[in-house]
Chemist: 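Could you have a look at this structure, given as structure tokens, before my questions?
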Amino acid sequence: MNDTIVAISTALGVGAISIIRVSGNDAVRIVNKITKNKKLNNALSHTIHYDFIVDEDKIIDEVLISVMLAPKTFTKEDVVEINCHGGIATTNKVLELLLTNGCRLAEPGEFTKRAFLNGRIDLIEAEGVMDLINSKTEASRGLAINQISGKTSNLIKDLRQQIVEILANIEVNIDYPEYEDITVVTNQMLNDRLIDIEKRIKEILNKSENGKIVKEGINVALIGRPNVGKSSLLNCLLETDKAIVTDIAGTTRDCVEGTISIDGIILNIIDTAGIRETNDVVESIGVNKSIDLINKTDLVILLLNNNEKLIAEDIELLNKIKDKNYLIVINKTDLKQNIDISNLNQDKIVYISALNNSGIDNLKNKIKEIFNFDQIITSDLTYLTNARSISLLKNALKSINDIKIGLKNNLPIDMLEIDLKNVWEQLGSIIGETYEEELIDQLFSQFCVGK
Amino acid sequence: MEYEVIVVGGGHAGCEAALATAKKNHKTLLVTGRIENIATMPCNPSIGGSAKGIVVREIDALGGMMGKVADKSLLQIKMLNYAKGPAVRALRCQADKITYPKEMLKVLKNQENLDIKEAIVEDLIIDNNTVNGVILENGKKINSKIVILTTGTYLKSDILIGDTRTREGPHGEKPSNHLSDNLKKYGFKIIRLKTGTPQRIAKDSIDFSKTKIEEGDKVYHTFSFDDNPVYKIEEQIPCHLIYTTPLTHQIILENLNKSSMYGGLDDITGIGPRYCPSIEDKIVRFKDKEKHQLFLEPESLYYDDIYLQGFSTSMPRDVQEKMVHSLPGLENAIINKYAYAIEYDAIYPTQLKRSLETKIIENLFTAGQINGTSGYEEAACQGLIAGINAALKLENKEPLILKRNEAYTGVLIDDLVTKGVRDPYRLLTSRAEYRLLLRHDNADLRLREYGYQVGLIDDEKYQRLLIKKEKINNLINKLKKIKITPLQNDLLIELGSTPIKDGYALYDLLKRPEITYQKLIDKKIIDFEESEEIIEQVELNIKYEGYINKALKEANKLINLENKIIPDDIDYNKITNLASEAKQKLSEIRPTSIGQAIRISGVNPADIAILTVYLKKEYNK
């Protein structure tokens, strides 16, 4: 209850500026740690400071920081607010840095709760505070877990299983030392297992699907035969939304034709020029090229002509994308419908007319639906959860580093296990698994001990 | 009123409870089924073990007797987990099953204010939800202000062997048939649990040449902080190790349906402990395991039974004969006592306060197996706490509640009353979040102060504790002050350590993994005398300072939450915003602090937030 909490207090993706609010005893100290100039520790109350947020040496964002010291603040605790300018990805990164440096993500309604508990808000408002906590919690309950894709969540589950097996083995060595037929976990063995665990955590960190969406945007490939209207659609999309230049690493920037933003989420539209150029030569080359693209993207948009019947190439493309995340956009609704859609997945179809600029909003809504924008946008918690997951993963890596140091110093296994348990618990928090008896259950199902 | 306290049951919990109240000058009566069975060890002939050994030290630190009696009756003793680190070290001894009860009975008989009576208690005298004494089998009433139930497995106990069910206790005594029904009548939720014990084999009939010998340690140990060892290292009695054979497994699998638990009896309701599977459980659940480890443990110097640890079963006697004879060295073994399973009634422990007084009936305390635990040590520490708190209640004082960061005893009681039990509860080191703080070596530093405050530790022992604390502080200060200089770099290099450029405090030097206190003495870098006990504390605190500080920081968070008190009279139904599951759980368990409330499963952080706001609003806390 005395820890320092943090949350993004503006709706994400709406305004140009996002405000991150930090409250608690260590608010100033923690924020100071991630600034370039590191001058906040002696800052006077109610002052604003121009500075940069840094991750070690790397500059993340140019910011204004308001320092407000207790008691004249909303929560009656020390409060620091950071005005970030760099859009969703950087705001999220700043939040992540704060979490890694010792802040805890605020529970729903927690700032208000603190304001109340510290006597800032009237007693009459107490019911309101409780209602607020209740409603916000209802909305976000389970979100933290749903947020993480099944794939990532399974990776984490596997990893936790691997760790809990080692933990159970160490525990059984401790609680049943008389059993000579049970393998004793040695420092060497722990060291070997750790290499793999570390590698896998790093992989998860990189693979985290949602993190990727927020950080790097969604990669979308536009495919289809020539003259179905790919470039017209692209133009429609680009015209309605201001193109954003991104310098975020990791995108397939080499062939990004254009970048647009829908409700603050970045869409990288992948160039399909290659297909156009080679089309005249051999059809199959075009198909092969697009397959390549398909594999790199998060969403494939197959464009078909409303005015023409499906031909073999269309069918082949359809077959290639059927296991992917895809949409079928039927263009040229301004012309007569000759296309037979009876064999297509109706849920995936969106009609547009690039010429009349109609149906584009439908397409955007469909994309939002596919990637659960509702959850991401309406609840800033989604981003928070994501930053939270990432900071938890990073803290897990820190704990692994502690074990390595311990191993180097030849510390006894019971010390090393403390850090290994931390890794396991941090991973558990990400996917919402914190069943207390888990370790004990594992111990007795993995090992045969007892009178 | 003749007695202030009546303790029902003379097992490990009952003995500690009765001694505590009597020592604190409250006239106490211990009622037991059979005096000769007081403090017997109906299952394994050992005391201590991982976590449990630390509990015995805690009992001793608080002024209980288990450690002192164990020291007098041990056949062999070992320090477990020495290499695995300071937090998990614990003593385990083989205790003589004749000597231990005899010595404990001596203590009880010499205790002033304590009477012992042979009888079976079948009911309680209850007025106005307050207990006023007990009613015996013959209808006789005995009054008292406080009753402590420590009935062990004797509530409606059934012994199960193969397809037979016999209503009796572990030693063939009469169980209490009505007490648990009466408790149910008073509103207690009663659960049925099960445990088991293996065969006792005639020592002469075992061929020990086919076994591996397991000896005691070659250094002296005592459980008690006050005793000197009374045994001789070279006279310790060994245990022996054997493994099951393919034939053993075949016999068990062929006869599986004859086991009480696998179809021999179809009315089993008791839930057995996960950590004490019967041998048939082990073979069914771990199919791939070719052999299972068994220990041959001596029960006593005064008779020849060998306890066959690891072979607990509820097979019929004829199958047990075949099973035992399939073991190496036991081909011609004579079984003196067959293995059995036992089913018994227990109180669902969330019905208790952390003082171990029941919530339903005032002045009624329960401790030990009746609360759903298993193990002598688990029972004894609860008995001691129930005894202390019964006495404190008579004296109108606040109860002694040990926190999770203070003692395994605190972890155990908090787990019981906050989470309840699924199967008989055994202490494990992994149940303690702050086990680096709850060490074997510092039980006195953690708890003697409490023992002194409640009046179970005398002035002399307390003075000794104060001197020990002072010596520890002095040594730490000394090591911080004394510096080595680069002139001594030769010595450092000899120790395989990096040379230094400036003066370097011994305190910091000791943090280096390759440096030990002993090595500094050997190299005459340290030239002053100090006792091993003090050096151990200091060195441990220096070497693991980082980890210990981390644990202390975590523990402080817990203490803060524990200090946020929830008033007794809170009505959770009035808190409209609470989730209904939280309402129900909180009403049932009635936590005394926010810290305890957080540990209740089904109560989530939002509920805690709402609860804190409500407390502020209603009680302005």
Side-chain angles (χ1 to χ4, degrees), chain A residues 1-3 107-110 112-113 116-117 119 123-124 126-127 129-131 133-138 141 167-168 170-171 173-182 184 402 406 408-419 421 435-437 439-441 443-445 447-451, chain B residues 43-44 49-51 80-81 83-88 92 196-198 214 241 243 273-277 282 285-286 289 291-293 295 309-312 419 422 428-431 435-436 513 544 547 550-551 557 560-561 564 575-577 579 594 601 604-606 609-610 612-614 616-617:
Chain A
M1 217 79 81
N2 299 321
D3 39 8
E107 304 277 350
E110 195 169 3
T112 321
K113 185 189 105 187
F116 170 75
L117 289 180
L123 271 181
I124 301 157
E127 280 302 320
V129 176
M130 289 192 274
D131 278 338
I133 295 169
N134 211 13
S135 61
K136 284 217 179 184
T137 306
E138 280 309 314
R141 189 165 284 163
L167 286 173
I170 296 173
E171 292 294 336
N173 293 154
I174 290 168
D175 277 326
Y176 294 89
E178 68 273 25
Y179 280 78
E180 295 180 358
D181 54 349
I182 293 173
V184 175
D402 288 343
K408 216 169 77 192
N409 291 336
N410 212 10
L411 286 182
I413 198 88
D414 69 335
M415 302 287 168
L416 304 173
E417 200 206 358
I418 294 173
D419 289 315
K421 247 188 206 159
Y435 171 51
E436 277 177 44
E437 292 272 287
L439 177 57
I440 290 167
D441 281 346
L443 196 159
F444 293 112
S445 64
F447 298 99
C448 186
V449 287
K451 65 186 179 183
Chain B
C43 199
N44 57 328
S50 188
L80 305 177
N81 297 332
K84 288 178 197 126
V88 293
R92 178 183 196 266
T197 193
E214 300 268 319
L241 170 65
Y243 288 93
R274 275 170 293 175
Y275 48 81
C276 274
K282 293 182 191 179
R285 283 178 45 210
F286 296 88
K289 213 160 175 230
K291 54 182 189 176
H292 293 273
Q293 194 171 316
F295 288 96
Q309 208 255 74
F311 216 55
S312 127
K419 298 170 188 161
R422 282 197 287 167
L428 297 163
T429 59
S430 52
R431 297 195 195 266
R435 73 180 177 204
L436 189 49
Y544 306 116
Y547 283 92
K550 247 194 257 179
K557 283 191 196 165
N560 280 334
L561 294 170
K564 295 191 196 306
I575 314 176
T576 44
N577 318 63
I594 291 289
S601 70
N604 64 42
I610 288 166
T612 354
V613 172
Y614 179 83
K616 168 91 180 175
K617 182 184 153 223

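To find a chain, count down the sequence lines: A is the first, B the second, and so on, and within it residues start at 1.
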Chemist: Tell me, out of A:Leu167, A:Asn409, A:Asp402, who's got the most heavy-atom pairs with chain B below 4.5 Å.
Modeler: A:Asn409

Chemist: Do you know which of B:Tyr544, B:Tyr243, B:Phe295 has the most heavy-atom pairs with chain A at a distance under 4.5 angstrom?
Modeler: B:Tyr544

Chemist: Quick one: what part of B:Leu436 sits under 4.5 Å from any heavy atom of chain A, side chain, backbone, both or neither?
Modeler: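 Just the side chain, heavy atoms under 4.5 Å.
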
Chemist: Using a strict threshold of under 4.0 Å (side-chain N to carboxylate O), is an ion pair present between B:Lys550 and A:Asp419?
Modeler: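 Yes, charged N to carboxylate O under 4.0 Å.
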
Chemist: Drop me the distance from B:Gln293's CD to A:Tyr176's OH, to the nearest 0.5 angstrom.
Modeler: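 The OH atom of A:Tyr176 is 13.0 Å from CD of B:Gln293, to the nearest 0.5 Å.
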
Chemist: Taking A:Glu110 for its side chain and B:Ala609 for its backbone only, find out whether a donor-acceptor pair lies under 3.5 Å.
Modeler: no

Chemist: At a heavy-atom distance under 4.5 Å, which candidate from B:Pro86, B:Ser601, B:Ala83 has the highest pair count against chain A?
Modeler: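 Heavy-atom pairs under 4.5 Å are most numerous for B:Pro86.
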
Chemist: If you define the side chain from C-beta out and look only at heavy atoms, does anything of B:Glu214 sit under 4.5 Å from A:Glu178?
Modeler: no

Chemist: Heavy atoms, side chains only, cut-off 4.5 Å: are A:Lys113 and B:Lys616 in contact?
Modeler: no

Chemist: Under a 4.5 Å heavy-atom cut-off, does chain B meet the side chain of A:Ile174, its backbone, both or neither?
Modeler: both

Chemist: Tell me if a side-chain donor or acceptor on A:Asn410 pairs with a main-chain N or O of B:Pro513 at a distance below 3.5 Å.
Modeler: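 Looks like no, no N/O pair under 3.5 Å.
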
Chemist: In plain terms, say whether A:Asp181 and B:Lys289 are close enough for a salt bridge, that is, a side-chain N and a carboxylate O under 4.0 Å apart.
Modeler: yes

Chemist: Please round to the nearest 0.5 Å and tell me the distance separating atom CG of B:Asn81 and atom CG of A:Asp175.
Modeler: 8.0 Å

Chemist: Can you tell which of A:Leu416, A:Ile182, A:Asn173, A:Ile418 has the highest number of heavy-atom pairs within less than 4.5 Å of chain B?
Modeler: A:Asn173

Chemist: Could you tell me whether B:Lys84 and A:Glu171 have a side-chain N and a carboxylate O separated by less than 4.0 Å?
Modeler: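 Salt bridge: no.
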
Chemist: Ignoring hydrogens, what is the shortest heavy-atom contact between B:Lys282 and A:Tyr179? Give both atom names and the distance.
Modeler: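 Minimum heavy-atom contact is NZ-OH, 4.5 Å.
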
Chemist: Side chain from CB out, backbone as N, CA, C, O: work out which of these in A:Lys421 comes under 4.5 Å of a heavy atom of chain B, or both, or neither.
Modeler: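 Side chain only.
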
